[in-house]
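The structure under discussion appears below in the form of structure tokens.
The residues of the chain are indexed from 1 along the displayed sequence.
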Amino acid sequence: MEKKARSIKDKRYEEKHKEERKAKCMVWGTSVPREKAEQINEFLKRYGYTKVQLIEAGYKALLDDAAEHH
């Protein structure tokens, strides 16, 4: 019973704060081929990086590359 009550409480919280979360963060619904995704996940796990760090570092690298070539 406690699990069900927790689930209901969590759902109410999520519904109440949905707009706040949407304003704060963005979720990109994208796909990566499984083999590549597994390689990336293993790399992140091995070196202790997060997916957010991966995205931020990739974005910085692309900004630097664009500055050099455009």
Side-chain angles (χ1 to χ4, degrees):
M1 243 2 217
E2 185 177 318
K3 220 176 192 181
K4 187 174 181 181
R6 175 64 185 235
S7 176
I8 292 169
K9 184 178 178 182
D10 289 350
K11 186 174 181 178
R12 277 193 307 237
Y13 178 87
E14 293 298 322
E15 289 173 2
K16 182 177 179 183
H17 295 278
K18 182 178 181 179
E19 293 304 315
E20 178 183 332
R21 282 193 323 278
K22 284 176 70 175
K24 182 179 175 186
C25 297
M26 181 181 293
V27 175
W28 291 333
T30 189
S31 296
V32 176
R34 178 158 300 278
E35 185 177 341
K36 180 64 73 177
E38 289 174 354
Q39 292 171 355
I40 291 168
N41 283 339
E42 180 57 36
F43 171 84
L44 296 174
K45 184 178 178 182
R46 182 180 313 136
Y47 294 103
Y49 293 115
T50 66
K51 289 177 185 170
V52 172
Q53 288 174 304
L54 172 70
I55 292 167
E56 289 172 342
Y59 177 58
K60 182 181 181 322
L62 289 174
L63 282 174
D64 293 346
D65 184 64
E68 288 179 20
H69 294 98
H70 294 89

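- A side chain to side chain donor-acceptor pair (under 3.5 Å) check over residues 55-70, counting only residues at least two apart or in different chains, returns the pairs K60-D64, D65-H69.
- Pairs passing the ring pair (Phe, Tyr, Trp, His ring centres under 6.0 Å) check and including a residue from residues 3-24, sequence neighbours excluded, read Y13-H17.
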Under 3.5 Å, side-chain donor or acceptor atoms of residues 23-35 against the rest of the protein: list the pairs with distances, not counting sequence neighbours.
none

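- Identified under the side chain to side chain donor-acceptor pair (under 3.5 Å) test for residues 36-50, with sequence neighbours left out: T50-Q53.
- Pairs of residues two or more places apart, or lying in two chains, that qualify as salt bridge (charged side-chain N to carboxylate O under 4.0 Å, His left out) and include a residue from residues 8-18 are R6-D10, E14-R21.
- Judged as a salt bridge (charged side-chain N to carboxylate O under 4.0 Å, His left out), and not counting sequence neighbours, K22 has no contacts.
- In this structure, E19 has no salt bridge (charged side-chain N to carboxylate O under 4.0 Å, His left out) partners at least two apart in sequence or on a different chain.
- Listed by chain and number, the residues in a side chain to side chain contact (heavy atoms under 4.5 Å, CB included) with L62 amount to none (sequence neighbours excluded).
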